[in-house]
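For this chain, numbers begin at 1 and follow the sequence in order.
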Amino acid sequence: MYRFLYACCLLSLFLTACGNDISVTPKPRTYPKVEYPAQSYQSFEKGDCDFAFAYPSYGEIVKSRDAATEADANSDCWFDIALPNFNGRLHCSYYQIGSQKSYEDLKKDAFEMVDYHNKRANYIEELAINRQDANIEGFVFAIEGPAATPFQFYLTDEKKHFFRASLYFDTKVRPDSIAPIYEFVREDMMKIIESFEWTD
C-alpha cells in the first residue's frame, strides 16, 4: 500500500515538473540603496592656509594621503575632504606660486593630470571660472566615462595662489551606477568653487 502511494506521489511530482515551462533566469545585479544627506554646509578656515570655502556638512577634513610624501612647504594645506556617505573623497592641494613652480608650470600640470584620463574618458567638458570680484580664475573639468576621477578643478589668482582638487570614489568605476551619487556630490563641489576666497 505504502509503495503504491509513494509511487503515485513520485509520478505526480514528475508529471507536474515536466509540464511547467518555467525558465529560471538570474536576477540582475543590484546596488545598495543610498541615503542622501541634507545639503548643508560648513566653513573651512585654517589659519596657516591662505583660503577659505564652504564644504558639505557630511564631509570630514582629513590629512591628505600625499601630504606626508610631498616636499612642498605648503603641504600642511594638502588635505582630503572625506565623503563617507558615498565612499569618496575630494583630494585638495595648494601651492604658493613661485615657491617651487611658476604659474604656467602649475597650470600645465593641472591640464596634464586631466589629459591623463583621456584614455578612459568618453568626453571631458571644460568650464572656465572667472570670479573677478574674488580675484579667482580657473577651470572645472567634468570627466565622463570610466575614468578614476569624474571631477577636477583648479582655482588661482595667477600671481600668488594655486589650489587644485580632484574627486575620487573608492570603488570600481561604473559610470551608470555612480551617476546619481556623482550628480549629488557635483552640486556640493560647485558650492566649494562658488564660496572659495583668498584670505590674505
Q: Only one of Tyr58, Phe169, Tyr182 passes ring pair (Phe, Tyr, Trp, His ring centres under 6.0 Å) with Phe86; say which it is.
A: Tyr58
Q: Please confirm whether Tyr94 and Phe79 have ring centers closer than 6.0 angstrom.
A: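 No.
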Q: Would you check if the distance from the ring center of Phe111 to the ring center of Phe141 is below 6.0 Å?
A: yes
Mark yes when over 12 heavy atoms from residues, nucleotides or ligands other than [X] sit less than 6.0 Å from its [atom1]; otherwise mark no.
X	atom1	answer
Lys108	NZ	no
Gln132	CD	no
Tyr116	OH	no

Q: Begin with the C-alpha distance, continue with both residues' side-chain angles, and end with the deciding distance and a verdict on side chain to side chain contact (heavy atoms under 4.5 Å, CB included) for Thr156 and Ile97.
A: CA-CA 9 Å; Thr156 182; Ile97 295 172; 3.6 Å; yes
Considering all heavy atoms, the nearest [X]-[Y] contact:
X	Y	result
Gly145	Asn122	CA-ND2, 3.5 Å
Arg186	Ala142	NH1-CB, 3.4 Å
Thr149	Leu167	OG1-O, 2.5 Å
Ala54	Ser195	N-OG, 2.9 Å

Q: Report the C-alpha separation of Val114 and Phe139 in whole Å, then their side-chain angles, then the decisive distance to 0.1 Å, and conclude whether the side chain to side chain contact (heavy atoms under 4.5 Å, CB included) test is met.
A: CA-CA 11 Å; Val114 172; Phe139 270 92; over 6 Å; no
Q: Mind checking disulfide bond (SG atoms under 2.5 Å apart) for Cys49 and listing every partner two or more places apart, or none if nothing turns up?
A: Cys77
Validation row: [X], [Y] side chains within 4.5 angstrom (heavy atoms):
X	Y	answer
Trp78	Tyr95	yes
Glu60	Pro84	yes
Tyr55	Ile61	yes
Met113	Arg164	yes

Does [X] use its side chain to pair, donor to acceptor, with the backbone of [Y] at less than 3.5 Å?
X	Y	answer
Asp157	Lys159	yes
Gln42	Gly59	yes
Arg89	Val62	no
Thr199	Ala52	no
Trp198	His161	no

Q | Inter-residue atom distance Glu104.CD - Glu158.CD, 0.5 Å rounding | A |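 Here the rounded value is 8.0 Å.
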**Q.** The single option from Phe153, Phe53, Phe163 passing side chain to side chain contact (heavy atoms under 4.5 Å, CB included) against Ile193
**A.** Phe153
Q: With sequence neighbours left out, write down each residue that passes salt bridge (charged side-chain N to carboxylate O under 4.0 Å, His left out) with Asp200, or none if nothing qualifies.
A: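 For Asp200, the residues satisfying salt bridge (charged side-chain N to carboxylate O under 4.0 Å, His left out) (neighbours in sequence not counted) are Lys160.
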Q: Let me see the working for Met189 and Leu90 under side chain to side chain contact (heavy atoms under 4.5 Å, CB included), right down to the final yes or no.
A: CA-CA 9 Å; Met189 301 300 102; Leu90 182 70; 3.7 Å; yes
Q. Does one side chain, of Tyr36 or Asn85, offer a donor that lies under 3.5 Å from an acceptor on the other?
A. no
**Q.** Worked verdict on Ile192 versus Ile81 for side chain to side chain contact (heavy atoms under 4.5 Å, CB included)
**A.** CA-CA 11 Å; Ile192 290 173; Ile81 302 176; 4.1 Å; yes
Q: Take the angle between the ring planes of Tyr154 and Phe162 and call it parallel below 30°, perpendicular above 60°, tilted in between.
A: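 Plane angle under 30°, so parallel.
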